[in-house]
Every structure is written in C-alpha cells, then in structure tokens.
Amino acid sequence: MKKLLLAVVACFAFAPPAFAKTDRETVPADTAPKKKVPAAEVFSTGVAKGRDRLDSATSTSALREADIAKMAPRSIGDLLRNIPGILAEAPNGESIANITIRGLPLSSSGAKFVQLEEDGLPVMEFGDIVGASSDSFLRVDLNLAQVEAIRGGSASTFASNSPGGIINFISKTGEVEGGAVALTAGLDFDQFRADFDYGGRLTPSLRYHVGGFFRQGEGPRRIGFDGQRGGQIKANITKEFTGGYVRLYGKVLDDRSPFYDSVPLRATGTDADPKLQAIPGFDPTHDTLSTRALQSVTLLDERNQSIQEDIRDGQRVRETSFGGESRFTIADWTVIDRFRYANRSGGLIGPFSSQILSPAAALTRLGATGGSFRFASGANAGQLIANPASLNGNGLIGIYNIRDRRQQDVGNITNDLRASREWAIGGNTLTTTVGFYKARQEIDTSILYGVAVTDIRGGGDAALLDVFNAAGNPVTAGGLYAYNPLSGTQRRTLRLAYDVNAPFASANYRFGRLSIGGSLRYDMGSAKGQVFGVELGGGRIGQVARDIDGNGVISPPEQRVGITPTGSPAPVDYSYKYLSYSSGINFRVSDPFAVFARYSRGARANADRITFGAVIDNSTGALAIPQAAYDPVKQAEIGVKYRNANLTLNLTGFHVEAQDSNINTANGSVIARDYKAKGLEFEGGLRKGLLSLTAGATYTDATIVTDRVTPAIEGNVPRHQASLIFQATPQVSNDRFAVGAVFIGTTDSYAQDVNLLKMPGYVTTNAFVQVRPVDRVLVSLNATNLFDTIALTGIDEASIPASGIVRGRLLNGRAISTTLRLDF
C-alpha cells in the first residue's frame, strides 16, 4: 500500500504528455499546444537540405515527443520497434539492442548497418563494437524532441558506415519557453525516477535548454539487487544572428542498468512447431540468472592484476561530451558545421551464454562425474543436496559464465562540415552540397571471465553451489569454478584507434513537379593499434594457477585462472577506401501525392570484430583478407506517398544485396556471407475526430546467397528474419485525455541460420491512459507488454536438445508505471 501511495504521486518519466511543450512537436490539432512549430513534414536527417517528405526520394519516418510518450519505451531498442522497416531486438535490458533495416542481416549483435546519431553526429562510429554499441550511450528523457529515421536512400552518402539507414535523436534547444518536472514509480516493479527540463530565451537572440534525469531501482526484471542507478544531464545554449546561429552543448551521463542474459524455457513439440513454456520456479519474462548471492567477484584484469569487480554495475556507461553546431552564410552558401568530443568508458558484467543442465550433465561438464552438490550461500550453506534432480521443482543447474567486458576508452571525436547553395536556373532550382567528415574512434577494451555454479530459481534468489567429485574432493570454492570461461581461454585486450575521412557532395535539380538528385561519398579509413589474446597462436599460455585472494592457498578454481599474454601483442595496421553513391528521382504527381525511385550503394567498415581470426596478419597487422575491411550494401527502392489533412500513406518496395564479415559473439564463430532481401514497407496514419490510427508493416523475403565458411546453409533464411513485422497504434484523444494501445508484432523466424528451430511469432501490447485534470498537470498510466507475452527475440540453440531445455532471449514482461507531471 505504501508503494502504491507513492506511485500515485509519481510519474512515468519516459512518458511526457501528448500536449506537453516540445520544440518540434507535430500532433493532431486538438491535442497540439498553442505554439508555433516547424512544418509537419520537413525532414532533415540523411539528406542535403531539409525538405517536405513528399518532395524527397527517400523513405523516412519521425517520432515526436508526444508519440514517444505513448509508446512508453524502457530502452532505445524498445523505442525503435515502433518505426516501420526497422527490426529492433531489445532482450538485454537498457542497452546492446540488435538493430537492422530491411532484411540486412542480424548475424551477430549490435547495429552494424545502421548509424545512430545524436543531434546529427554519430554516437559511435561503429554501431556494433562488442559490449559498447551505440544505444548504450543514449537515453530517452525530457531532453528528446523527436527521432528521425531514414531507411536506405541517401543515408549511405550523408554519414559514414550507414548503408542501411540513419536514426537521429534530436534534442530540444529552447525554442519554446518553459519546462517540466516529473517523478516516476513502477507499480509492479521496483523503479523510482526524477526528470526535469527547462528552456527559453535569455535575450531575444540567446536561448538555452537544460534537462536530465536520475533513477534507481531493481528494474523491470527481478535480479535481487538495485540494478538501475544513475542518470544524465544535457544542456545547450544557442546564439542567433542574421543568417544563422552558433550553439554549444554538453552532456554528462553516468548510468548503470542490468544485463539480461538468455533464460531457460522448456521446449516440446518439434523444431518446426515448438511449444515453449516456463520451467517451475522461474518466470522467463520477469526473472533472470542474476542473483543476490553473487554481486561481486575477484578477477585478473587485462594486466593480470587482481581486481574486485561489482556485478551490480551490469551495463555501466560513462560519458562526458561537449560540442558545437554553427550555421552561417558566406556568399550565398549556407555553411553548417557540427563538432563533438566524447569521453566514454564503462563496462558490461553479468551472465553471458551460461549453460542450463541437468545435475548429472553439469557434474560431467565440470569434470566431477558421479559427484555431488552442496549449497555455498544462503541459510543452507554447507548442506548436502540429497536429491538435486528435484531442486526447486525443476532439477536444473546453472553454470554461470561471468563475462566482464571492461571499456577503458570507447570515446570519439567527430566533425561534419558542409556547405549548400541553391542556384536559380531558368525558373528552376539546383541545390548543391559539398562537405567533409572527419572522425576518430577509440576502442580500448578488454574481456575477462569467471565461472560460478548456481541452482535455477527466480526472484534473484538463486543460490551458489559447491561441487564435489566422486571421491568427495571439492571442484569449486564458494560456488566459483574458474577464473576463466568454461570453454577455452577467451581473454582479449584491444587497444585500437580508427580514423575516418570522408569528402561528400550532392546535387538535386527541381523543375516543376520533378526532382532528380544524386550524391557521392568517398570514405578513407585506417586502423592502428594492438590486440592481446591467447587465440593469436604461437603456443602462448592462457591458463595458470594463481592465488587470487591472497590467502596463501591455491583453491580448486584458482587452479583455473585465465591470464592475458601481455608480452605478445599482435599489431593492427591497415587502411581501406570505398565509394558510396545514391541517385533518385521524385515526381510530385499532385499536391498530396508523389512517387519516387532510388538506387544506392554504400558500405560498412569493420572494426574490432575482425581483429581476431584469419582476417588480419598477426605478424604485420595488414589485412590478410582485404575484402573483409568493409562490407558493401546495394539497395534499390521504389515508392509512393500520399498525404492530406487526415490521412497519410507511404508504400515502398525494396531490393537489397549485402556482404557481412563478422564474429558471432555468442560462440566466437567466424561469419563471411553474402545476402539478398526484397520486400514491401508500409506506413500510414488516419485521423477522424477523436479517433486516430498510425500503423506500419514490413514484409521481407531474405536469403543467405553465399557462405564462405559453412556452404551448407546457402539458400537458407537468415536467423531472426521474420517475413512480417508490424506496428499499430489506435487511440482516442483530445486536449484533456488520451487513451490507446501500441501493438507490435512479428511472424515466426528461425533461431539460427541452419533453419531448424523456429521461434514463434508474437504480438506485444503497450497500453496508455493520459489525463490532464487541470492545466499544466498530467496524470498518466503506462503498461508495457500488458499481457505478459513470451516474446522471443532469440534462442541460443539451433534445435531442441534432448534435455528439452532451450535458452531464450525475451523482451521484458509486463511493467506498469504511473505518472504525475507538472509543466511550467
């Protein structure tokens, strides 16, 4: 009751109201605040010059602040599930979402072919750095004005490493006077949060905006301790003058959130038609393998020195960044320069690719066949488990891989300079743009491992277990089995720097209703540094006996200690170049109707994922397989667009060909493939009185064309690629209330590329109610995954094993929050 009373005076901070103040908001007339806003359909991301979407030969979407409020995203991955054409998997918690567009492969993790930007500059130069993907350093709060997304089109020529598209998170800049304060509480999960923002003018030509949040709690899944702790502050100030402006901005982010690994599910039926259900004592949508019994661990760091690591940090991100944006006019040319320096670090620690086995199989896996288990933690510590086959009603043992991905430096510095001019030619308009992009991305990371043994129990209550062999000798100590991964000796340290230089240019000629345009970009990159790891060969030692805790005794797990060969680095020293181009034609048939066609060729340079294996010569640092330096992507699209006061319809057909050179982070296997995909993409919106509906759907037919490592899978459908993904948001709203739901779904897909085990399709439902009882006060209620659907985004196994237990990666279960917000 106390928590419920607190919740009533709290608010869901991810959910600013549909009628709240925002710089770029465009909502139906009856809910829009009475303020001046830019034109509703002007789009500026991934193009040379912002223009009406009906006059652009691109496929674009935008989410305004009011839209985001109703979707109630718990993470960036959750938010991006709402954009047509984008496949976003968000099973890992706040960060490390897997994001792709239009059938481009999700062969591993991260956002490889999509560039995530913040205020027009890439967050990370490479969106799939292992353990530090772009969404890790983004948060949804009251600073966010809108999200713009361009799929395919000219994205490949207006940003580096973005052949699939660009998603731009745009901040408020004080164009509207006022702000808000919001307090947050979960009704059925443990989270409390405070948000604020304020902006306005200091003088007629000087405006500012500042905002941020702080939150703390266990989070939407039960882990047994506070996993969410931290927040951010962002601020900017803009000086306007005739013909332009100068803006300075800064951001401080220090946040922790849990990392959710795969969880056990019982699978019956067949690979083609599996039936998946929870195991006794463990709720797959609300529980995790994390446990309050294991909140810290001692490991050897990248220099082979003992360190105490806090498992409660989970996904820890730190960022201190500053930058500037300026716009001015020189001799009829409009010049825009964007610059940002970002100091980023952090880490990721928690369960990763753990194994869920029967007691007998676990004993065999740990080299203790015929042995026994004892509790190593809790009230029963030291007690023999007489019948482990009935433990917790499920009789399962977890061999818990502790993965510690330390990020000493993943910062970057970026600058984008461009100049545009409009030329009047015989009553028509030619728009030209030239520019130069410069970036440097640091990747100074290391990966450490440990192994613990637990039972399988929900609520964050799993106990550590000690293992004894058949002779009664201990194999573990305090539930720890090794200071190394269970399989192999995968300890790696990377100290790398990537430089990118890219000149680009575009021209668009408009005469009457017809526009024809093209753009070019030439990326020149280099990679330099060193990598350390036992996989580099040469008989280097990777496992030793070491007194980790310093008590003078070498315990059983201290006989299995992983070390990094710090004296045997391998160099990385290579460069690459590639050309991107895009050409399109758009015809405005009538004022509400347009058709377009476009062909593009872009690429994505590869980074840390190719530094281990056969791609780079370990002696010279040069590329042993030059074609793996970057992966080209070709796209053709044709579409129609319609818009009037109450109806918007967009339909685009696409064809994609792509190469992927990658590493599967789950098992370390090498990926070298060619893909193709074709499909249809729909987006629409309808408004009639109080009723409105927005919807989107993407049909995709994707194929693995060539596999240079495993030819047997050629012709198969890529893993996780559903034939249909869709979204729909019906609602009833006016200037006093809004009620509705967000339905997001997918048809079935294959768990792995061998095309055996299918993952069932699903539909999740997010519901919202927003009420303004008096002016400037908003009360709202938001529920994500209202019906607690088992929404599988991945299964680690390729087929149902004999045990009937699979490891699934799921979206969060039901989480309900309430809101109270004051605008001023």
Side-chain angles (χ1 to χ4, degrees), residues 74 89-93 186 188-190 218-224 227 258-293 350-359 361-362 387-400 454-463 465 745-746 748-749 751 757-766 783-816:
R74 308 293 180 188
E89 300 176 347
N92 300 322
D188 61 349
F189 68 101
D190 180 27
E218 186 176 27
R221 297 197 196 183
R222 297 186 287 260
I223 59 175
F259 176 78
Y260 302 138
D261 192 27
S262 52
V263 296
L265 292 163
R266 185 166 301 282
T268 57
T270 64
D271 284 343
D273 185 22
K275 311 301 180 186
L276 300 168
Q277 59 187 11
I279 65 170
F282 194 95
D283 184 339
T285 61
H286 292 275
D287 290 328
T288 75
L289 297 184
S290 297
T291 169
R292 59 174 52 89
F352 184 81
S353 293
S354 302
Q355 297 190 19
I356 313 298
L357 303 171
S358 69
N387 185 14
S390 64
L391 189 62
N392 300 321
N394 56 56
L396 295 173
I397 303 296
I399 302 180
Y400 184 131
T454 74
D455 61 6
I456 300 299
R457 195 185 325 178
D461 294 327
L465 305 180
T746 175
D748 58 22
S749 61
L757 177 58
K758 278 191 173 181
M759 298 189 299
Y762 60 84
V763 176
T764 60
T765 303
N766 301 341
T784 55
N785 198 357
L786 179 62
F787 300 112
D788 219 15
T789 300
I790 294 179
L792 275 163
T793 67
I795 296 177
D796 292 352
E797 285 73 22
S799 63
I800 299 175
S803 66
I805 300 298
V806 297
R807 295 166 296 170
R809 301 179 185 275
L810 286 76
L811 300 181
N812 291 338
R814 178 172 48 245
I816 304 175

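The structure displayed is predicted, hence computed values, not measured ones.
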Between [X] and [Y], which heavy-atom pair has the shortest distance, and what is it?
X: Ile816; Y: Phe189; result: O-CE2, 3.6 Å
X: Leu396; Y: Ser358; result: CD2-N, 4.4 Å
X: Leu465; Y: Leu391; result: CD1-CD2, 4.5 Å
X: Ala267; Y: Leu276; result: CB-CD2, 3.5 Å
X: Ser354; Y: Pro351; result: OG-CB, 4.0 Å

Okay, side chain of [X], backbone of [Y]: is any donor-acceptor separation there less than 3.5 Å?
X: Asp261; Y: Ser353; answer: yes
X: Thr291; Y: Ala462; answer: yes
X: Asp287; Y: Phe282; answer: no
X: Asp788; Y: Gly813; answer: no
X: Asp271; Y: Ile800; answer: yes

From [X] atom [atom1] to [Y] atom [atom2], the distance as rounded to the nearest 0.5 Å:
X: Asn394; Y: Asp455; atom1: CG; atom2: CG; answer: 8.0 Å
X: Leu289; Y: Arg221; atom1: CG; atom2: CZ; answer: 10.0 Å
X: Ile456; Y: Ile356; atom1: CD1; atom2: CD1; answer: 4.0 Å

- request: Kindly write out the residues that satisfy side-chain contact (heavy atoms from CB on, under 4.5 Å) with Ser749, not counting sequence neighbours, or none if the list is empty.
  value: Ala722, Met759

- prompt: Partners of Pro258 by side-chain contact (heavy atoms from CB on, under 4.5 Å), sequence neighbours excluded?
  reply: Ile223, Gln228, Tyr260

query: If you measure from the Lys or Arg side-chain nitrogens to the Asp or Glu carboxylate oxygens, is any gap between Asp796 and Arg809 under 4.0 Å?
result: yes

Considering residues at least two apart in sequence or located in another chain, which fulfil the side chain to side chain donor-acceptor pair (under 3.5 Å) criterion with [X]?
X: Glu797; answer: Arg807
X: Asn766; answer: none
X: Asn92; answer: none
X: Ser390; answer: Asn387

